[in-house]
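Working notes, beginning with the structure itself.
Just so it is clear, the model here is predicted, and its values are computed rather than measured. Letters go in sequence order (proteins before strands), and every chain restarts at 1.
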Amino acid sequence: MLESEANPTTLSKSTGLPRKRFYRARAHSNPLSDSHFPVPLSPRHVDYSLHYPQFFPSSDQMGNPKRIQFADVGCGFGGLLISLSTLYPETLMIGMELRDKVTEYVKERICALRGTNPGQYQNVSVVRTNSMKFIPNYFEKGQLTKMFFLFPDPHFKEKNHRRRVISPHLLDEYAYVLEIGGVIYTITDVEELGEWMKSCLENHPLFETLTEEELEADPVVKLLSTATEEGQKVARNGGQTFRAVYRRIQPSV
Amino acid sequence: MEDALNEGENNKELEVAPALIAVHPTQDSVAVAVGSDLRVFDLREGCGVHLTDDSVEPFHKNSIRAIRYGANGKYFVSAGDDKLVKIWSTNNWRCISSVCSEKRVSTVAISKDGLYVCFADKFGVVWVVDLHGIDGSEAPVNKKAAPLLAHYCSIITSLEFSPDGRFILSADRDFKIRVTVFPENPLDGAHEIQSFCLGHSEFVSCLAFICTVDYPQGFLLSGSGDSTVRLWEIDSGSLLHTCEVGHKAGHLGSNGSKEDCSAVIDLCTIPDHNIVAVATQSLQGIMILSCDLSSQSLNIAKVVSTGAENYIPTSFACSCSGELLWMITGVSKFRGSDYNSLARVRVLSGFNTSNANSAEQKVIVLGDNEVPGAEKLLHKLQGSVSVKEDVFVAAAEAVKTAMCNLLIKKQYSAERREFRKRTRNDKKTKQ
Ligand SMILES: C[S@@+](CC[C@H](N)C(=O)[O-])C[C@H]1O[C@@H](n2cnc3c(N)ncnc32)[C@H](O)[C@@H]1O
């Protein structure tokens with residue numbers, strides 16, 4: 001999938017990377033409308049050899065127990081994945097993005113990076129999917145160690161709150177795919193959304209907040225506001241950000 | 001916005017609702033729903049039941065989509081397109097509570113302890129109603145439902161509790177079956193997902209458990225639009241066996257054209273027998289599967305025909321004793337016919353023979369005068385004793401179209417999709 005040839009005219013001459021302006025898409029997608037992309041029937045149907053050919057040289061993935069551990073949900077142009085790729089070179093990670101053209105851009109970007117940096121960026125990939133519907137099709141119970149929700153669409157109107165990627169019901173599914181001790185990272189520049197995400201997590205019985213010390217010690221936390229395209233835009237405009245980082249815990253009995 | 005759903009709502013054919021049947025766990029009564037009409041027959045007294053509903057909105061005003069007795073037989077629930085969930089006491093057949101739903105209701109279930117009613121709406125949210133403190137002696141109680149769990153914007157087609165009551169299972173249009181721990185206090189939500197049973201490649205239409213003395217915890221069975229019945233272990237969500245029923249159905253049923261949609265309509269397990277009755281859209285008659293729980297396999301044992309009739313059941317029911325399998329075929333708001341609605345009840349017998357080998361059992365369709373309650377019952381539940389047979393072919397076709405329209409994902413060509421997008425945007429700018 002990622003091995004598709006990049007169209008040379010869409011690649012920047014100076015960097016060899018795909019140019020974003022060829023991949024402009026509608027700013028917002030409606031996650032509720034019906035899908036027209038393939039969805040794996042179950043996590044066992046996810047073809048790892050397509051996404052991570054260096055780790056999975058043959059399509060027989062039964063022999064290799066390695067599984068995706070990080071998911072960047074609504075990854076946009078993929079900046080976070082690119083940073084995480086070299087920080088955790090042995091961890092498989094995937095971006096999930098609803099917009100077709102944006103997903104294509106990320107694919108090309110990863111391809112180009114793999115080309116110019118042999119042996120690197122083999123652990124990142126992207127899928128076009130609606131994460132709100134199909135997370136359980138991609139990941140087994142307790143498979144993920146980290147999930148990222150960076151600068152998600154705010155959906156301000158009350159009646160559109162159920163389109164938000166963080167909601168009490170969706171957290172049940174995220175708790176399912178996260179291992180005990182796994183961490184969910186959220187950040188936004190929209191104060192109201194920040195409060196919403198924090199309160200959803202705070203009120204959920206399967207999540208607890210990280211302490212200040214833990215946040216300090218986690219190298220990923222620093223990337224939340226700096227690594228993604230959206231984060232950089234907010235920083236350029238001197239905007240404030242609101243972060244909520246929570247750990248998946250064992251349910252108390 | 002939710003174009004897939006709205007489109008369905010506007011579609012007239014969707015209004016057609018299949019007839020439903022339910023049997024009291026100890027066969028005290030049988031209930032049938034055809035359109036907005038709820039009909040109950042008391043099998044002990046041998047007479048029709050008069051329902052009493054003193055709620056603000058008495059009885060149902062639109063198609064009933066789900067009916068269900070609780071495991072202990074105390075309560076009965078009916079719900080559907082009028083967004084009302086009615087809880088009835090089976091003692092005196094009074095409506096003891098009429099709960100309002102925000103959306104149309106697609107399915108209902110009662111917890112094993114009989115203390116909670118759960119229902120699912122067409123936007124994928126499962127709600128729970130607490131029955132504590134209701135005794136059915138006073139006027140209908142106002143109860144509010146609390147959200148229990150949700151499948152993101154998918155139609156939930158079936159709800160079922162595991163035999164031990166620990167889990168609630170929810171099946172949806174997006175091929176999924178979710179197994180969730182039913183918590184101590186469900187009003188706070190059910191957050192702990194035990195597993196997902198994934199493998200169906202079309203909507204899941206029905207769920208049932210099969211339990212035996214050797215396997216009291218039971219295994220899950222699911223029927224789907226992909227023309228299979230599957231056997232699952234729910235703790236892990238593992239698929240144990242897949243039984244293709246479409247092939248056989250297509251073969252024996254109609255002309256066998258390729259487009260024939262032979263979705264599984266309903267399935268019913270016969271308690272304490274390793275037998276599953278299956279209704280599929282293109283098979284006239286009932287398919288009997290035998291389930292071997294020790295080898296975890298599921299096989300077609302035989303097809304029972306109902307004689308010369310064009311009989312495709314729309315719903316099954318069975319009491320705890322497993323003596324009789326009740327079935328109904330029928331439809332409401334049926335256009336192009338003299339009947340506004342029609343229903344035909346049939347009963348299968350012969351599961352309780354000493355021969356435990358299911359394949360060799362002599363399963364027979366009872367004649368109308370052999371059915372418990374005989375003509376009196378048929379008159380009550382069908383609305384008439386006899387119905388012209390040929391009408392059923394058209395009725396079965398209408399039910400099939402309605403089900404496919406509602407649950408099968410539309411495959412639009414790229415151009416058509418673009419067109420739909422454009423017209424949607426036009427609408428937006430006008431506002
Ligand atoms: C504001 S952008 C942020 C992108 C990126 N995380 C960043 O920080 O730059 C939100 C992204 O989420 C995507 N998105 C929204 N709903 C989604 C869904 N249900 N599934 C997958 N992606 C979704 C949007 O297409 C968009 O690219």
Please check if the side chain of [X] supplies one atom and the backbone of [Y] the other of a donor-acceptor pair under 3.5 Å.
X        : Y        : result
A/Asn123 : A/Met93  : no
A/Gln143 : A/Ile68  : yes
A/Asp100 : A/Thr103 : no

Inset, instruction - Name the region of B/Leu239, side chain, backbone, both or neither, that has any atom closer than 4.5 Å to a heavy atom of chain A. - result: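 Neither part.
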Inset, instruction - Pick one of side chain, backbone, both or neither for B/His151, based on which atoms fall under 4.5 Å of a heavy atom in chain A. - result: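 Nothing of B/His151, per the 4.5 Å heavy-atom cut-off to chain A.
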Could you check whether any side-chain heavy atom of [X] comes within less than 4.5 Å of a side-chain heavy atom of [Y], counting everything from C-beta outward?
X        : Y        : result
A/Ile187 : A/Phe242 : no
A/Ser131 : A/Leu98  : no
A/Asp72  : A/Phe70  : no

Region of [X] that comes under 4.5 Å of a non-hydrogen atom in chain B:
X        : value
A/Pro205 : side chain
A/Asn137 : both
A/His45  : neither

Inset, instruction - Using a heavy-atom cutoff of under 4.5 Å, enumerate the residues of residues 165-180 of chain A that contact chain B, numbered in order, or state 'none'. - result: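 A/His169, A/Leu170, A/Asp172, A/Glu173, A/Tyr176, listed by number.
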Legend entry - B/Arg65 NZ/CZ over B/Phe119 ring centroid, <6.0 Å and within 45° of normal: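 No, B/Arg65 does not lie over the aromatic ring of B/Phe119.
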Inset, instruction - Can you measure from CG (B/Asp174) to CD1 (B/Ile155) and round to the nearest 0.5 angstrom? - result: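 So the CG of B/Asp174 and the CD1 of B/Ile155 are separated by 9.0 Å.
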